[in-house]
Number of protein chains: 2
Amino acid sequence: MDSLEIEPSLNFCQACAVRNRAICADLDEDELGLLNAIGRRKRLQAGEQLLWEGDDAIIVANVVEGVLKLSTQTADGREQILGMVYPSDFLGRPFGETTPYGVEAITDAQVCVFRRTDFDRFAREHPRLEHKLLERTLAELDRTRRWMVLLGRMNAEQKLATYLVETAERLIPANCKESELGDERSLTLPLSRQQMADVLGLTIETVSRHMTKLKNDGLIGLPGRRELTINSLKALAERGG
Amino acid sequence: MDSLEIEPSLNFCQACAVRNRAICADLDEDELGLLNAIGRRKRLQAGEQLLWEGDDAIIVANVVEGVLKLSTQTADGREQILGMVYPSDFLGRPFGETTPYGVEAITDAQVCVFRRTDFDRFAREHPRLEHKLLERTLAELDRTRRWMVLLGRMNAEQKLATYLVETAERLIPANCKESELGDERSLTLPLSRQQMADVLGLTIETVSRHMTKLKNDGLIGLPGRRELTINSLKALAERGG
DNA sequence: CGGGTGATTGATGTGAGTCAATTCAGGTGG
DNA sequence: CCACCTGAATTGACTCACATCAATCACCCG
């Protein structure tokens, strides 16, 4: 791997935006200092690739800011998105030989990068960190398995409705209580139609058609290409089965 | 210890068939004794259910013998199989509130079960075990993500070919070197056609049709309903993309 | 005001689902 | 040993949802 852009070596961890949510949350001051010493901040522009599928697993990282996608290519060149990672999520393959998926920034992003070997050693020496990583991996496995049901058993409309509901829930957290205007939501979609198709195992045309169908059925509004309003989260969730 | 007395409460772990492959592999004698104390063996008949989706996560387990399936129901009553577990695999949801999938024995099976709370405590106190569990969970996540590509992007023939190749590889391990008759394999399928359909996100009819198609194309032989011969593993893998 | 990309819409094809009939294998009991 | 029963597997006819191919539209840059 060519040189990571290295920023001056402050203790970033202490001021880190995801300090309390990422896997480093349970570390004490000293441990944090050690972790800080082996990690580097890296900024990514939207569209920039951080890891390539099949490469040696050189680095792992924490997401500090932005959204990235994990994806893989099929033999015939199409793409299947395996997952999206958000701030405080972990990515890469610790204790592994090769990176099992490509990682690309969807939005401008900031990540906290570690050489995998450094991270592996640190993790083995700090069970609290390893425990956090385990909990996170177990949760990710659960989520991934739920996604299998979507891919294996849902039709296009159900896939789309489920995706929109989930996206709304991830992007509009508990900051505004649902009291506010009950069931309505409005947000900017992080993905293009093509990317949504790649997440859902569909084609761009099918995504587009069913978006307009959901709109015509009065479940959602589409004020702009990337803008979405959900009229009733509950009704939309019902469409997802 | 008095050598004439036969210890009635055996330490199962020491004689365990999967002793060296399961997550307990790195434990020393003392730790193994402690683990043994909180676990117990349980036999399951083919078709017997061990865990129900959505139940409180009361137990976790190691597979000692046999094959089990992890699955979930869709709203309209169909099933999606999320994964198969084989001897030495771990199942259940440590550090979690509810069991995210149902577990049913496909063949007669033997598992080593723990009360989840006991297991959680033991794991937190024994980082070597927790590390093993982490490695296993990471590997399982990789495998699950690869399966997403199958579900999201492959057609029926590719799914089936891929499944047969993978099954052959899991059931015919390195015991007989590939030198033996090169590329040919012959095995007993662990799943019924319906179960294969549930794994692959297909219907039983589609599975059946493409099985006969692969046979007519000379890639496989079907001497009996559950019997399979693969004429060329390589050629079959190519069909899978 | 054009050019370019992404999104939408339309026409058509096809692969997998659905429904239904038939065959097959395994087990049971006369 | 064979007739029968049962559930699984196969096969066929038909439908339909999604993919494909192609044309148009809308927005965002300069």
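Each chain gets a letter, A, B and so on, in the order its sequence line appears, and its residues count up from 1.
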A.B. asks: How do A:E157 and B:E205 order along DNA chain D: which one's closest nucleotide is nearer the 5' end?
C.D. replies: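 Its nearest nucleotide lies further toward 5', so the answer is B:E205.
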
A.B. asks: Between A:K215 and A:R153, just flag the one whose closest nucleotide in DNA chain C comes earlier from the 5' side.
C.D. replies: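 Of the two residues, A:K215 wins.
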
A.B. asks: Just how far, in rounded Å, is C1' of C:dA7 from CD of A:E227?
C.D. replies: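 Checked: the CD to C1' distance equals 15 Å.
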
A.B. asks: C:dT9 P sits how many Å from A:M211 CE, rounded?
C.D. replies: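 For the pair A:M211 CE and C:dT9 P, the rounded distance is 12 Å.
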
A.B. asks: Whether the side chain of A:R193 and the base of C:dG6 hold a donor-acceptor pair under 3.5 Å is what I'd like checked.
C.D. replies: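 A donor-acceptor contact between them is absent.
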
A.B. asks: I want to check one thing: is the phosphate of C:dA16, taken as OP1 and OP2, less than 4.0 Å away from some side-chain N or O of B:H210?
C.D. replies: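 True: B:H210 side-chain N/O within range (under 4.0 Å) of C:dA16 OP1/OP2.
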
A.B. asks: Could you check how far CG of B:L222 sits from P of D:dT10, rounded to whole Å?
C.D. replies: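 Checked: the CG to P distance equals 7 Å.
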
A.B. asks: Among A:T74, A:D76, A:D198, which residue satisfies the side chain to side chain donor-acceptor pair (under 3.5 Å) criterion with B:R153?
C.D. replies: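 Answer to the side chain to side chain donor-acceptor pair (under 3.5 Å) test with B:R153 among A:T74, A:D76, A:D198: A:D198.
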
A.B. asks: Taking CZ from B:R78 and P from C:dT18, how many angstroms apart are they, rounded to a whole number?
C.D. replies: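 Checked: the CZ to P distance equals 6 Å.
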
A.B. asks: Within the pair B:T206 and C:dA16, is there a side-chain N or O less than 4.0 Å away from OP1 or OP2?
C.D. replies: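 No.
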
A.B. asks: Can you list the steps and then say if A:D56 with A:E97 is a side-chain contact (heavy atoms from CB on, under 4.5 Å)?
C.D. replies: CA-CA 6 Å; A:D56 288 347; A:E97 295 296 302; over 6 Å; no

A.B. asks: Less than 6.0 angstrom separating the ring centers of A:F119 and A:F90, yes or no?
C.D. replies: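 A:F119 vs A:F90: aromatic centres under 6.0 Å.
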
A.B. asks: Whole angstroms only, please: what is the CG-P distance between A:N155 and C:dT18?
C.D. replies: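 Nearest whole value for this atom pair: 11 Å.
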
A.B. asks: Checking contacts here: which listed nucleotide (C:dG6, D:dT11, C:dT8) is nearest the side-chain heavy atoms of A:R225?
C.D. replies: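 Nearest to the side chain of A:R225 among the choices is C:dG6.
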
A.B. asks: Can you tell me how far P of D:dA9 sits from CD of B:Q194, to the nearest Å?
C.D. replies: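 B:Q194 atom CD is separated from D:dA9 atom P by 8 Å.
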
A.B. asks: Which nucleotide in the set D:dA9, C:dA7, C:dA16 lies at the smallest distance from any side-chain heavy atom of B:A156?
C.D. replies: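 Between D:dA9, C:dA7, C:dA16, the one nearest the side chain of B:A156 would be C:dA16.
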
A.B. asks: Which nucleotide in the set C:dA7, D:dT10, D:dT11 lies at the smallest distance from any side-chain heavy atom of A:S208?
C.D. replies: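 From the listed options, C:dA7 comes nearest.
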
A.B. asks: For the side chain of B:L202, starting at C-beta, report the closest nucleotide among C:dG17, D:dA26, D:dT10.
C.D. replies: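 Taking heavy atoms from C-beta onward, the closest nucleotide is C:dG17.
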
A.B. asks: Can you measure B:Q158 atom CD to C:dA16 atom C1' for me and round it to whole angstrom units?
C.D. replies: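 My rounded result for the distance is 14 Å.
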
A.B. asks: Take A:R209 and A:R226, find for each the nucleotide of DNA chain C with the closest heavy atom, and name the residue whose nucleotide sits nearer the 5' end.
C.D. replies: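 Of the two residues, A:R226 wins.
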
A.B. asks: Within this structure, what is the CD1-to-P distance between A:I204 and C:dG10, rounded to whole angstrom?
C.D. replies: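 Value for this atom pair: 17 Å.
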
A.B. asks: Would you compute the distance between atom CD of B:Q80 and atom CG of A:L151 and round it to the nearest 0.5 angstrom?
C.D. replies: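 With rounding to 0.5 Å, CD (B:Q80) is 9.0 Å from CG (A:L151).
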
A.B. asks: Of the nucleotides D:dT20, D:dT11, C:dA25, which has the atom closest to the A:T203 side chain?
C.D. replies: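 Looking only at heavy atoms from C-beta outward on A:T203, the closest nucleotide is D:dT20.
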
A.B. asks: Can you tell me if CZ on B:R143 sees more than 12 non-hydrogen neighbours from other groups inside 6.0 Å?
C.D. replies: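 More than 12 within 6.0 Å, yes.
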
